[in-house]
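Take a look at the structure set out below.
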There are 2 protein chains.
Amino acid sequence: MKNYELILKEHSLKVTPQRLGMLSIIDYVGHITIEELFANIRKDFCSISIATLYKNINSMVEVKILKEIKISNSKSKYEILKNEHSHMVCKKCEKLEDLNLCLDITIENASKKSGYIFDENALVLFGICPECQR
Amino acid sequence: MKNYELILKEHSLKVTPQRLGMLSIIDYVGHITIEELFANIRKDFCSISIATLYKNINSMVEVKILKEIKISNSKSKYEILKNEHSHMVCKKCEKLEDLNLCLDITIENASKKSGYIFDENALVLFGICPECQR
DNA sequence: TTGCAAAACGATAATCTTTCTTGTTTATAT
DNA sequence: ATATAAACAAGAAAGATTATCGTTTTGCAA
């Protein structure tokens with residue numbers, strides 16, 4: 001990642017300092033909740049409005065710059081939309097990580113079984129991370 | 001399903017008409033949002049409070065009688081907790097259906113790759129259902 | 001550059017959604 | 001039957017998200 005200006009332009013969104021700041025934070029931490037992002041960006045833009053944050057999040061989700069990750073028993077997190085991947089959550093330290101899995105066969109099976117034609121999926125695995133296992 | 005009274009007792013929750021009503025609706029429709037459930041149960045319990053609904057949903061999720069299904073771009077739905085399974089959503093008619101898939105190999109792979117020990121998963125597939133394909 | 005129109009911004013009000021509080025009623029175990 | 005702990009309804013409160021509106025900024029074109 002890096003050129004957030006270009007990304008915004010490619011998606012026909014105006015380039016504003018607030019948006020650049022948001023993207024750079026999200027990109028840096030990987031995944032973030034609304035309230036974490038708000039707390040974080042206030043360090044750089046002490047007067048940014050929470051309404052601006054929500055509106056920008058929504059615009060960027062809409063044009064698919066960002067993606068919302070819904071997680072059982074916790075708040076949604078947002079990430080920069082990259083190639084499709086799954087997520088895993090550690091139930092102890094609560095961290096969320098990306099996970100690259102091939103679901104082709106699974107999805108093909110699902111398709112055969114159900115008659116659906118699938119083009120999107122959301123998989124979250126829950127467990128204990130290596131560090132918390134000790 | 002059927003004996004909701006027993007289910008509540010087994011989970012140490014008191015048996016009330018409101019709870020029985022909720023369970024019977026949820027069981028009947030399979031998956032339901034809070035607001036749908038509220039509209040529905042008001043037909044039988046015209047004076048039930050929304051607070052009661054939320055409290056009961058939360059209690060029943062807590063003791064694992066119910067399960068919340070979080071779905072991208074739509075409101076959470078609740079179902080009666082049965083054996084583990086996945087879900088599929090039709091993007092056209094928006095229906096949500098159960099889907100039984102074996103994810104053992106996928107999860108084993110994920111575990112090998114990441115070092116996590118997984119004991120839970122949430123998979124939702126999005127696409128077009130057979131009816132909407134015509 | 002400069003100027004214009006459209007979009008974004010901040011502040012705050014409005015609207016959900018969910019939880020909390022309180023006084024009353026009900027379920028269950030004795 | 002009765003006691004008590006839990007559940008109930010109603011509404012207030014809290015929290016999360018969206019809408020409104022006057023001001024500022026951006027992107028574009030003269």
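Keep in mind that this is a model prediction, so the values were computed, not measured. Chain naming here is simple, since letters A, B, ... match the order of the sequence lines and numbering starts at 1 in each.
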Just how far, in rounded Å, is [atom2] of [N] from [atom1] of [X]?
| X | N | atom1 | atom2 | answer |
| --- | --- | --- | --- | --- |
| B/His11 | D/dA6 | NE2 | C1' | 18 Å |
| B/Lys70 | C/dT17 | NZ | C1' | 13 Å |
| B/Ile50 | C/dC20 | CD1 | P | 15 Å |
| A/Leu8 | C/dA8 | CG | P | 10 Å |
| A/Ile34 | C/dT17 | CD1 | P | 17 Å |
| B/Phe38 | D/dC8 | CZ | P | 13 Å |
| B/Phe45 | D/dA10 | CZ | C1' | 18 Å |
| A/Ile57 | D/dT18 | CD1 | P | 11 Å |

Is there a donor and acceptor pair, one atom on the side chain of B/Lys14 and one on the base of D/dA5, closer than 3.5 Å?
yes
What I want to check is whether an N or O donor and acceptor connect the side chain of B/Ser49 with the base of D/dA10 at under 3.5 Å.
yes
Just to confirm, is there a sub-4.0 Å distance from OP1 or OP2 of [N] to any side-chain nitrogen or oxygen of [X]?
| X | N | result |
| --- | --- | --- |
| A/Lys9 | D/dT26 | no |
| A/Gln18 | D/dT25 | no |
| A/Asn58 | D/dT18 | yes |

Proximal nucleotide (of C/dA27, D/dA9, C/dC9) relative to the B/Thr52 side chain:
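Nearest to the side chain of B/Thr52 among the choices is D/dA9.
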Test log, rule salt bridge (Lys or Arg N to Asp or Glu O under 4.0 Å), inputs A/Glu120 and B/Lys91:
CA-CA 10 Å; A/Glu120 222 175 307; B/Lys91 287 177 170 181; 2.6 Å; yes
Taking only residues at least two apart or on different chains, which pairs with a member in residues 122-134 of chain B satisfy side chain to side chain donor-acceptor pair (under 3.5 Å)?
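Non-adjacent pairs meeting side chain to side chain donor-acceptor pair (under 3.5 Å): B/Lys95-B/Glu131.
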Of B/Ala51 and B/Asn56, the one whose closest nucleotide on DNA chain D sits nearer the 5' end is B/Asn56
What does [X] touch in the nucleic acid at a heavy-atom separation under 4.0 angstrom: a base, only the sugar-phosphate, or nothing?
| X | result |
| --- | --- |
| A/Ile48 | sugar-phosphate |
| A/Glu35 | nothing |
| B/Ser47 | sugar-phosphate |

Within 6.0 angstrom of A/Ile105 CD1, more than 12 heavy atoms from elsewhere
no
Closest-nucleotide mapping onto DNA chain C: is A/Ser12 or A/Arg42 further toward the 5' terminus? I mean the 5' end.
A/Ser12
Between B/Lys75 and B/Thr16, which is nearer to the 5' end of DNA chain C once each is assigned its nearest nucleotide?
B/Lys75
What residues form a ring pair (Phe, Tyr, Trp, His ring centres under 6.0 Å) with B/His31, not counting sequence neighbours?
B/His87
Quick check on the hydrophobic clustering: are A/Tyr78 and A/Tyr4 connected, directly or via other members, by side-chain heavy-atom contacts under 4.5 Å?
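As far as the 4.5 Å side-chain criterion goes, A/Tyr4 and A/Tyr78 are connected within one cluster.
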